[in-house]
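The chain is numbered in sequence order, starting from 1.
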Amino acid sequence: MAAAGREIHECYRVLAKTGDNIVGEALRDQDTFYEWTHYPRDDVYDDVTHAQFYYHAHPAGERAWAEHGHFHAFLRPRGMPSGVRPADVPPPSEPADPATPEADNAALSHLVAISMNPAGLPIRLFTTNRWVTGETWYAAADVCAMLDRFLIDHTRPSWALNRWISAMFRLFRPQMIALVHARDRAVAQWQRQSDAAPVIYDDRSRDVASTIEIDVDEQIARVAAELARRI
């Protein structure tokens with residue numbers, strides 16, 4: 001976690017030298033920023049680790065927490081730990097896309113989302129209901145086992161961006177684990193409160209399942225204090 005904090009600060013340092021920031025790296029070479037559009041346009045995907053992410057923003061009137069937008073991060077089956085299987089939950093209300101030559105890698109899991117403020121800094125982590133990203137649902141224990149597998153280990157679209165988001169998964173791993181378990185508890189609560197269709201995972205009135213505010217410098221300070229305590 002301490003090393004991840006140093007990595008994040010290094011990304012900020014090199015970007016600041018040219019007046020850039022993390023969000024700007026996701027929007028690189030874009031003349032116009034369109035709401036809902038994925039940035040980069042074809043997502044970022046590492047074909048070795050099978051980690052994937054994109055950035056997007058909701059319309060201004062629908063943005064929570066005074067955010068600019070957020071990153072959605074995923075892991076695909078070929079990168080998942082051995083033995084992980086989709087949860088035994090009702091299938092989506094809408095039929096899945098037709099099978100593709102890589103259908104064995106299609107059942108991706110959403111890990112967490114990282115909310116960013118207008119200055120391009122992370123302010124919150126959150127998890128979502130299944131319909132939000134069109135993911136395949138995995139139980140919390142399996143999603144937590146995937147967190148260590150998230151790594152984008154190439155330079156496109158931005159080496160700094162890829163290093164930053166990979167390090168975020170190390171620095172905030174404890175919060176991410178807590179959020180994923182809170183996600184499953186929230187969905188179970190929704191299910192108890194619901195007595196009608198649609199399937200709770202496809203209920204458009206229920207989107208964010210769990211959330212927590214974050215501060216990179218505060219987390220780094222906490223890690224440093226814990227390391228000092230243990231010496």
Side-chain angles (χ1 to χ4, degrees), residues 8 11-12 15 20-47 49-76 79 92 94 96-97 106-137 143 146-147 150-152 154-169 172 175-176 179-180 183 201-214 216:
I8 289 168
C11 293
Y12 290 162
L15 289 172
D20 294 311
N21 63 43
I22 293 298
V23 171
E25 292 298 278
L27 306 182
R28 182 186 286 186
D29 301 326
Q30 301 299 318
D31 294 328
T32 305
F33 179 53
Y34 295 98
E35 295 159 351
W36 297 116
T37 298
H38 289 200
Y39 294 94
R41 294 301 180 97
D42 296 321
D43 295 8
V44 178
Y45 177 65
D46 188 311
D47 61 7
T49 66
H50 305 286
Q52 179 176 341
F53 75 88
Y54 65 83
Y55 184 81
H56 79 167
H58 297 185
E62 300 177 18
R63 295 178 193 172
W65 316 305
E67 70 167 18
H68 174 273
H70 47 263
F71 292 94
H72 283 291
F74 306 84
L75 192 68
R76 289 191 173 272
E94 297 180 3
D97 292 335
L108 81 174
S109 172
H110 182 254
L111 303 176
V112 296
I114 305 173
S115 180
M116 308 294 288
N117 69 14
L121 297 172
I123 55 173
R124 189 174 292 266
L125 303 174
F126 64 97
T127 64
T128 60
N129 202 359
R130 179 176 68 184
W131 69 267
V132 175
T133 60
E135 65 175 302
T136 296
W137 197 259
V143 177
M146 298 178 199
L147 294 175
F150 186 89
L151 173 67
I152 303 293
H154 59 234
T155 61
R156 295 182 182 179
S158 161
W159 193 22
L161 169 59
N162 295 346
R163 291 172 65 189
W164 171 86
I165 196 169
S166 298
M168 288 287 288
F169 272 79
F172 289 102
Q175 286 91 338
M176 292 181 180
L179 277 178
V180 172
R183 179 205 70 170
Y201 301 94
D202 301 330
D203 186 344
R204 298 285 173 137
S205 70
R206 304 177 190 271
D207 49 7
V208 174
S210 61
T211 180
I212 187 172
E213 292 183 5
I214 59 169
V216 166

Decide if the gap between the ring center of Phe71 and the ring center of Trp164 is smaller than 6.0 angstrom. yes

Measuring only between side-chain heavy atoms, which start at C-beta, is Leu121 closer than 4.5 Å to Val216? no

Taking C-beta and beyond as the side chain, do Leu125 and Thr211 meet within less than 4.5 Å on heavy atoms? no

With heavy-atom distances below 4.5 Å as the criterion, would you say the side chains of Val208 and Thr127 are in contact? no

Is the shortest heavy-atom distance from the side chain of Gln52 to the side chain of Leu75 under 4.5 Å? no

Give the intermediate values and the outcome of side chain to side chain contact (heavy atoms under 4.5 Å, CB included) for residues Asn162 and Val44. CA-CA 9 Å; Asn162 295 346; Val44 178; 3.9 Å; yes

Can you tell me how the ring of Tyr45 sits relative to the ring of His50, calling it parallel under 30°, perpendicular over 60° and tilted otherwise? tilted

Contact between Met168 and Ile114 at the side-chain level, heavy atoms closer than 4.5 Å - yes or no? yes

Kindly determine whether Leu179 and Arg183 satisfy side chain to side chain contact (heavy atoms under 4.5 Å, CB included), including the steps that lead there. CA-CA 6 Å; Leu179 277 178; Arg183 179 205 70 170; over 6 Å; no

Student check: side-chain heavy atoms of Phe126 and Val112 closer than 4.5 Å: no

Which label fits His56 and His70: parallel for a plane angle under 30°, tilted from 30 to 60°, or perpendicular past 60°? perpendicular

May I ask you to say whether Glu135 pairs ionically with Arg130, meaning some side-chain N is under 4.0 Å from a carboxylate O? no

Indicate, with yes or no, if the rings of His72 and Tyr55 have centres closer together than 6.0 Å. no

Can you tell me how far CG of Asn117 sits from CG of Asn21, rounded to the nearest 0.5 angstrom? 9.0 Å

Could you tell me whether Tyr201 and Trp137 have their ring centroids closer than 6.0 angstrom? yes

side-chain contact (heavy atoms from CB on, under 4.5 Å) test vs His110 passes for just one of Asn129, Thr128, Thr136, namely Thr128

